[in-house]
Participant: 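Here it is, the structure, as structure tokens.
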Amino acid sequence: MAVNKVMLVGETGVGKTSLCHRFLYGNFLSHQGESITMNNTEKVYRKGNESVTVKYQDTHGFEACGSHLPPSLCRGTDVILMVYALDEDDSIKTLYALMEGILRSMPYARKILVGNKYDLREANRGIESLISGSRDLTEADNKIKVSAYTGQGIQELEG
């Protein structure tokens with residue numbers, strides 16, 4: 001059985017833990033407070049006769065404090081979900097600060113830029129110009145807008 005490691009990084013409050021909960025249980029965790037510990041969870045996905053185990057690593061937002069991603073944390077990462085909140089322009093700036101380290105520590109990992117809170121329609125203005133202003137962020141393998149709350153875009157992200 002294949003095993004993939006998926007790491008979620010981003011500022012505190014952008015919805016990394018809510019996205020993990022949505023991946024694992026298919027619903028929104030309505031009473032989620034700020035995560036204070038690193039969460040490691042896994043799920044087995046089945047497609048026909050094949051099974052893939054995905055290990056989700058939720059980094060609980062320590063990156064926003066200027067902390068770098070330790071090499072031991074990055075080791076073996078196949079996919080990195082760089083999560084920002086569509087209703088909070090400052091959350092993309094945390095990813096700016098992390099990109100150099102991400103590119104250096106995980107050069108072969110697939111990088112996906114994930115705009116969460118898509119259900120907040122008024123939040124979707126202006127942030128695209130912030131993304132296009134960063135050469136590193138425009139080099140992400142994919143960019144997806146999702147809502148951990150409604151589930152919009154989650155299937156595309158899991159695919």
Participant: Does the side chain of Ile154 come within less than 4.5 Å of Gln152's, by heavy atoms?
Facilitator: no
Participant: So Tyr84 and Asn116, side chain to side chain contact (heavy atoms under 4.5 Å, CB included) or not? Walk me through it.
Facilitator: CA-CA 6 Å; Tyr84 66 97; Asn116 191 26; over 6 Å; no
Participant: Any non-hydrogen side-chain atom of Leu95 less than 4.5 Å from a side-chain atom of Leu113?
Facilitator: yes
Participant: Is a side-chain N or O of Ser91 found less than 3.5 angstrom from the main chain of Ala85, in a donor-acceptor match?
Facilitator: yes
Participant: For residues Met82 and Ile102, report the shortest heavy-atom separation together with the two atoms involved.
Facilitator: SD-CD1, 4.1 Å
Participant: Hey, does Val79 have a side-chain heavy atom less than 4.5 Å from the side chain of Val54?
Facilitator: no
Participant: Among side-chain atoms of Glu50 and Tyr45, is any donor-acceptor pair under 3.5 angstrom?
Facilitator: no
Participant: CD1 of Ile80 to CD of Gln57: how many Å apart, nearest 0.5 Å?
Facilitator: 9.5 Å
Participant: Would a 4.5 Å heavy-atom cut-off, applied to side chains only, mark Arg110 and Asn142 as touching?
Facilitator: yes
Participant: Is Arg46 reaching over with its side chain to a backbone N or O of Ser51, donor-acceptor style, under 3.5 angstrom?
Facilitator: no
Participant: When you look at NZ of Lys43, are more than 12 heavy atoms from neighbouring residues, nucleotides or ligands closer to it than 6.0 Å?
Facilitator: yes
Participant: Distance check, rounded to the nearest 0.5 Å: Glu11 atom CD versus Lys93 atom NZ?
Facilitator: 10.0 Å
Participant: Which heavy-atom pair separates Tyr56 from Glu158 by the least distance, and what is that distance?
Facilitator: OH-OE2, 4.3 Å
Participant: Decide side chain to side chain contact (heavy atoms under 4.5 Å, CB included) for Ile112 and Ile144; before the verdict, give the C-alpha distance in whole Å, the side-chain angles of both, and the deciding distance to 0.1 Å.
Facilitator: CA-CA 7 Å; Ile112 301 175; Ile144 299 175; 4.2 Å; yes
Participant: What's the verdict on side chain to side chain contact (heavy atoms under 4.5 Å, CB included) for Val14 and Lys16, showing C-alpha distance, side-chain angles and the deciding distance?
Facilitator: CA-CA 6 Å; Val14 297; Lys16 297 178 303 296; 3.9 Å; yes
Participant: Pick out which of Val83, Leu19, Val9, Thr17 makes a side-chain contact (heavy atoms from CB on, under 4.5 Å) with Asp58.
Facilitator: Thr17
Participant: Are Lys55 and Val6 side-chain neighbours, meaning at least one heavy-atom pair lies under 4.5 Å?
Facilitator: no
Participant: So, taking the atom named CG in Leu81 and the one named NZ in Lys111, what distance separates them when rounded to the nearest 0.5 Å?
Facilitator: 12.0 Å
Participant: Take Tyr149 and Ser18, measure what side chain to side chain contact (heavy atoms under 4.5 Å, CB included) needs, and give me the verdict at the end.
Facilitator: CA-CA 8 Å; Tyr149 180 68; Ser18 293; over 6 Å; no
Participant: If you compare all heavy atoms of Ser147 against all heavy atoms of Asp119, which two are closest, and at what distance to 0.1 Å?
Facilitator: OG-OD1, 2.6 Å
Participant: Is there a side-chain contact between Leu86 and Lys145 in this structure, where contact means two heavy atoms from C-beta onward sitting under 4.5 Å apart?
Facilitator: yes
